[in-house]
Amino acid sequence: MIPGARLIILGRQGAGKGTQCVRLSRHYVVPHISTGDILRAAAREGTEFGLAAKQVMDDGGLVGDEIMIGLVDERLGKPDAATRGYILDGFPRTVAQARALDVITAEKPITAVIDLDVPREIVVERLSSRRVCRDCGTNYTATASQPSQWICDVCGGDIAQRADDHPDAVNRRLDLYETQTAPLIEYYSNRGTLAVVNGVGQPEHVFVRVTDAVEARR
Ligand code: ADP
Ligand code: ZN
């Protein structure tokens, strides 16, 4: 039997967290829990909470800690995550969230925290060409020869640029990452759970580095 895992993936926007998380989720047979996906789903449903979250996301800001902690606490308590584990993507994003997560995971501690390291110049380039299917969330890369009406290969939905991938919002999100989220690297480093993994290169090569780092921490 493949052992499960309880993982946190840190890294700048555009570092490739989403791609690695999908692979890790299949590899360890655990749910990929993306707080960004949860918030975007709420926004699509159009609830009062979802619409408020959409406003914050489109501006490139952060949703409040209390709300995020409540969402994650509830999700980690569901049977799939509680038994086999999970891949946390996008949480924690602040030191307050990390402290709350320590309490939530007191009985079943995190296996490893992976910092997927990609320099800022490279992620800015990746984000400006990122396009996403509005319906299923599949990521694409825009090229010069891209058709104006671009349809998803997976589900036939419309492909568009995320509002928060426009240049102003990208810079705001990266600045927030440096001030709010980068301190978590030191936080987890002090606890001995951190592994810094070079995120530059082919996704399959990065994946080997990530799984090696996880196994080294069991
Ligand atoms: P990215 O990492 O590319 O910014 P995500 O999909 O992880 O994208 O998140 C999108 C947006 O959702 C964030 O910019 C932020 O507004 C909000 N968000 C997601 N996770 C959190 C969190 N843990 N705390 C606060 N806001 C969050
Ligand atoms: Zn699609």
Side-chain angles (χ1 to χ4, degrees), residues 8-22 32-44 49-76 86-102 104-105 113-118 120 122-141 149-184 187 199:
I8 295 173
I9 314 295
L10 301 176
R12 291 191 175 83
Q13 293 79 359
K17 290 191 299 270
T19 307
Q20 293 303 320
C21 286
V22 169
H32 168 204
I33 301 176
S34 156
T35 46
D37 286 350
I38 293 173
L39 294 174
R40 280 185 290 274
R44 274 198 300 274
F49 164 68
L51 294 177
K54 182 174 190 318
Q55 186 72 54
V56 173
M57 288 191 285
D58 287 353
D59 290 347
L62 289 179
V63 174
D65 285 333
E66 293 306 313
I67 291 174
M68 296 309 303
I69 291 163
L71 274 176
V72 168
D73 189 14
E74 193 194 322
R75 181 61 188 89
L76 297 189
Y86 45 81
I87 320 281
L88 260 182
D89 168 12
F91 187 97
R93 234 181 179 87
T94 64
V95 171
Q97 293 179 11
R99 292 217 178 93
L101 187 63
D102 281 344
I104 294 168
T105 60
V113 179
I114 304 294
D115 173 27
L116 200 57
D117 189 33
V118 176
R120 182 159 174 154
I122 296 182
V123 301
V124 167
E125 224 165 88
R126 286 186 187 174
L127 290 174
S128 59
S129 58
R130 176 162 79 178
R131 301 292 181 273
V132 183
C133 172
R134 287 185 199 281
D135 294 324
C136 74
T138 299
N139 280 333
Y140 294 89
T141 303
Q149 268 282 70
W150 194 3
I151 299 298
C152 178
D153 291 339
V154 177
C155 79
D158 285 332
I159 293 170
Q161 185 169 35
R162 270 165 54 174
D164 59 357
D165 279 347
H166 288 283
D168 286 353
V170 163
N171 277 306
R172 173 133 193 257
R173 285 154 66 210
L174 286 169
D175 288 345
L176 272 176
Y177 184 83
E178 303 309 332
T179 58
Q180 304 291 308
T181 310
L184 297 179
Y187 182 92

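Given the structure is predicted, the values throughout are model-derived calculations rather than measurements. In each ligand, atom 1 is the first atom listed, and ligand 1 is the first ligand listed.
A donor-acceptor pair under 3.5 Å is formed between the side chain of R126 and the backbone N or O of G14. The closest donor-acceptor contact from the side chain of R134 to the backbone of A160 lies at 3.5 Å or more, if one exists at all. The main-chain N or O of R93 is found under 3.5 Å from a side-chain atom of Q97 such that the two form a donor-acceptor pair. Without hydrogens or angle criteria, K17 side chain to G90 main chain gives no donor-acceptor distance under 3.5 Å.
Angle SG(C155) to the Zn ion (ligand 2) to SG(C136): 110° [nearest 10 degrees].
Nearest residue to atom 1 (P) of ligand 1 from K54, R173, Q55 is R173 (criterion: closest heavy atom). For atom 9 (O) of ligand 1, the candidate residues are K17, Q13, Q97, R93; the nearest heavy-atom contact is made by R93.
Heavy-atom minimum distance, A15 versus V118: O-CG2, 3.7 Å.
An N or O contact shorter than 3.5 Å is missing between D89 and ligand 1 by distance. Polar contact with ligand 1: absent for V56 (N/O pair, distance under 3.5 Å). In terms of polar-atom proximity, G90 is counted as a contact of ligand 1, with an N or O under 3.5 Å from an N or O of the ligand. Considering backbone and side-chain N/O atoms, D37 never comes within less than 3.5 Å of an N/O atom of ligand 1. Taking any N or O of R162, backbone or side chain, at least one lies under 3.5 Å from an N or O belonging to ligand 1. For a threshold of 3.5 Å applied to N or O pairs, the pair formed by L62 and ligand 1 contains no separation below that value.
Nearest non-hydrogen protein atom to atom 25 (C) of ligand 1 is V63 O, 3.2 Å. Scanning the protein heavy atoms around atom 10 (C) of ligand 1, the nearest turns out to be R40 NH1, 3.6 Å. Nearest protein heavy-atom contact of atom 18 (N) of ligand 1 is L39 CD1, 3.5 Å. Among protein heavy atoms, the minimum distance from atom 15 (C) of ligand 1 is reached at G61 O, 3.3 Å.
The closest approach between a heavy atom of R12 and any atom of ligand 1 is not below 4.0 Å.
Those atoms of ligand 1 that come under 4.0 Å of a heavy atom in R130, given as number and element, are 3 (O). Near T35, meaning under 4.0 Å from one of its heavy atoms, ligand 1 places the atoms 19 (C), 20 (N), 21 (C), 23 (N). For ligand 1 and M68, the ligand atoms under 4.0 Å from any heavy atom of the residue are 20 (N), 21 (C), 22 (C), 23 (N), 24 (N), 25 (C). Applying the 4.0 Å criterion to heavy atoms of M57 picks out, from ligand 1, the atoms 11 (C), 12 (O), 16 (O), 17 (C).
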